[in-house]
A.B. asks: 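Okay, handing you the structure first.
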Amino acid sequence: MEHALESHVNGVGGTPSPVSAPAQPQRTRRWLPTLLVSPSVLVLLLWMIVPLAMTLYFSVSRYNLLNPDQTGLAGLDNYRFLVEDPAFWPAIANTLVLIGSVLVISVVAGTLLAVLFDQPFAGRGVARILVISPFFVMPTVAALIWKNMMLHPVYGLAAWVARLFGAEPVDWLAMHPMLSVIIIVAWQWTPFAFLILLTALQSLDPEQKEAAQLDGASPVRIFWHIVLPHLKRAIAVVVMIETIFLLSIFAEIHTTTAGGPGTATTNLAYFVYSLGLQQFDIGIASAGGIVAVVLANVVAFFLVRMLARNLKGVHEQ
């Protein structure tokens, strides 16, 4: 009986049985990646969840710095006051106008610049550095440059050009505030689109364009049927990244127009700032922050689906 048990444990001929020996190392190796990644995931969750939970709590609470005695839960009153605020819906409209206009300008200008700088010419490297340099300028500095050096109605470059042609200088920030902000933000983000699209364009096989030229295709047809389809995936990436960042544009508006005149340039980010740090109503400002988070997630959801559809089309090809 003892010999049978020993044979069963040690295997036939006294050799150790390999059935259960590697089970523990395999289990350890399976859990090891989770154990190594878990601290980073925990820190990231705390970094995201704690501020979001506090904002959600304040959004349903009475919290006004000018009236500290008023406390307690407000329910959905903060959201009702937010929606009924006369500046709320103009802020939503201004946000959409700003994002859409900057996206159109940056993508179109970035595509044309990428096609231009893909051609060989003397000094191309220096010219590329000059084109992408606005992207590395801080938003506040860029806004000050445009406000005081470009669009100033007395000693700005635009005023000097207007007087050069005998026209009356225009106070752009007062008469065309939203257009001025769009120009400033597009000037900053066009280099980003140019850099991404130029990188994508350099991966295009030149033999395709050479074959089209031999077949008699014009440059416009080559661009429309070969270059632009090749840039479709890169354009989707540019649109997704820029949209996420453009939802939080603040410094350019605060430095140039302060959301005015009136609410002409007040976007959602500046509207939340005015509620929290100018009117000192943290409860309603937190409700606005929750609305901004929901809007950003809705936009990101559709943009990610669009990008995934483009990637799927590329892989199928």
A.B. asks: Side chain to side chain donor-acceptor pair (under 3.5 Å): which pairs involve residues 157-183, sequence neighbours left out?
C.D. replies: none
A.B. asks: Verify side chain to side chain contact (heavy atoms under 4.5 Å, CB included) between Asp85 and Phe271, making sure each step is shown before the conclusion.
C.D. replies: CA-CA 10 Å; Asp85 193 302; Phe271 178 61; 3.9 Å; yes
A.B. asks: Any non-hydrogen side-chain atom of Ser133 less than 4.5 Å from a side-chain atom of Pro191?
C.D. replies: no
A.B. asks: Specify the closest pair of heavy atoms between Ala159 and Pro153, including all atoms of both residues, with the distance to one decimal.
C.D. replies: CB-O, 3.5 Å
A.B. asks: Who are the ring-ring contact (aromatic ring centres under 6.0 Å, His included) partners of Phe136, not counting sequence neighbours?
C.D. replies: none
A.B. asks: Could you note down all residue pairs passing side chain to side chain donor-acceptor pair (under 3.5 Å) where residues 43-52 supplies at least one of them, sequence neighbours left out?
C.D. replies: none
A.B. asks: Could you measure the distance from the CD1 atom of Ile244 to the CG atom of Leu303? Nearest 0.5 Å is fine.
C.D. replies: 6.5 Å
A.B. asks: Does Ile196 have any side-chain contact (heavy atoms from CB on, under 4.5 Å) partners at least two apart in sequence or in another chain, and if so, which?
C.D. replies: Phe192, Ala234, Val238
A.B. asks: Test: side chain to side chain donor-acceptor pair (under 3.5 Å). Region: residues 258-276. Which pairs qualify, not counting sequence neighbours?
C.D. replies: Thr257-Thr265
A.B. asks: Look at the side-chain heavy atoms of Ile, Leu, Val, Met, Phe, Trp and Tyr, link any pair under 4.5 Å apart, and say whether Trp187 and Val185 land in one connected group.
C.D. replies: no
A.B. asks: Might you point out which heavy atoms bring Ala109 and Thr190 nearest each other, and give the distance in Å?
C.D. replies: CB-CG2, 3.8 Å
A.B. asks: Quick test of your reading: applying ring-ring contact (aromatic ring centres under 6.0 Å, His included), list the pairs with at least one residue in residues 81-113, sequence neighbours left out, ordered by first then second residue.
C.D. replies: none
A.B. asks: Give the other cluster members for Val126, using side-chain heavy-atom distances under 4.5 Å between Ile, Leu, Val, Met, Phe, Trp and Tyr residues; answer none if it is isolated.
C.D. replies: Leu130
A.B. asks: To the closest 0.5 Å, what do you measure between CG (Leu198) and OG1 (Thr111)?
C.D. replies: 11.0 Å
A.B. asks: What heavy-atom pair brings Gln119 and Phe121 nearest, and what distance separates the two atoms?
C.D. replies: O-CD2, 3.2 Å
A.B. asks: Name each donor-acceptor pair under 3.5 Å that joins a side chain in residues 56-69 to protein atoms two or more places apart or in another chain, with its distance.
C.D. replies:
from  : atom 1 : to     : atom 2 : distance (Å)
Ser59 : OG     : Leu56  : O      : 2.6
Ser59 : OG     : Tyr79  : OH     : 2.8
Ser61 : OG     : Tyr57  : O      : 2.7
Arg62 : NH1    : Leu73  : O      : 2.6
Asn64 : OD1    : Leu66  : N      : 2.9
Asn64 : ND2    : Asp281 : OD2    : 3.4

A.B. asks: Restricting to non-hydrogen atoms, name the atom on Leu195 and the atom on Thr199 that form the minimum distance, rounded to 0.1 Å.
C.D. replies: O-OG1, 2.8 Å
A.B. asks: Working to the nearest 0.5 angstrom, can you tell me the gap between Ile183 CD1 and Ile105 CD1?
C.D. replies: 7.0 Å
A.B. asks: Looking only at heavy atoms, what is the nearest atom pair of Ile249 and Glu252, with distance?
C.D. replies: CG2-OE1, 3.5 Å
A.B. asks: Cut-off 3.5 Å, no hydrogens considered: what does the side-chain donor-acceptor table look like for residues 203-221, sequence neighbours left out?
C.D. replies:
from   : atom 1 : to     : atom 2 : distance (Å)
Ser203 : OG     : Ala200 : O      : 2.6
Ser203 : OG     : His230 : NE2    : 3.1
Asp205 : OD1    : Glu207 : N      : 3.2
Ser218 : OG     : Arg221 : N      : 3.4

A.B. asks: How many angstroms lie between CG in Leu113 and CG in Leu197, if you round to the nearest 0.5 Å?
C.D. replies: 9.5 Å
A.B. asks: Which heavy atom of Thr255 sits nearest to which heavy atom of Lys147, and what is that distance?
C.D. replies: O-NZ, 3.2 Å
A.B. asks: Find out if a path of hydrophobic residues (ILVMFWY) with successive side-chain heavy-atom gaps under 4.5 Å connects Phe135 to Met150.
C.D. replies: no
A.B. asks: Apart from Val37 itself, what residues make up its hydrophobic cluster when side-chain heavy atoms of I, L, V, M, F, W and Y under 4.5 Å apart count as a link, directly or indirectly?
C.D. replies: Val41, Leu45, Ile49
A.B. asks: Would you say Trp189 ends up clustered with Leu96 if hydrophobic residues are merged whenever their side chains have heavy atoms under 4.5 Å apart, either directly or through other cluster members?
C.D. replies: yes
A.B. asks: How does the hydrophobic cluster around Ile129 look, that is, which other residues are in it when side-chain heavy atoms under 4.5 Å mark a link?
C.D. replies: none
A.B. asks: Does Arg80 have any salt bridge (charged side-chain N to carboxylate O under 4.0 Å, His left out) partners at least two apart in sequence or in another chain, and if so, which?
C.D. replies: Asp77, Glu84
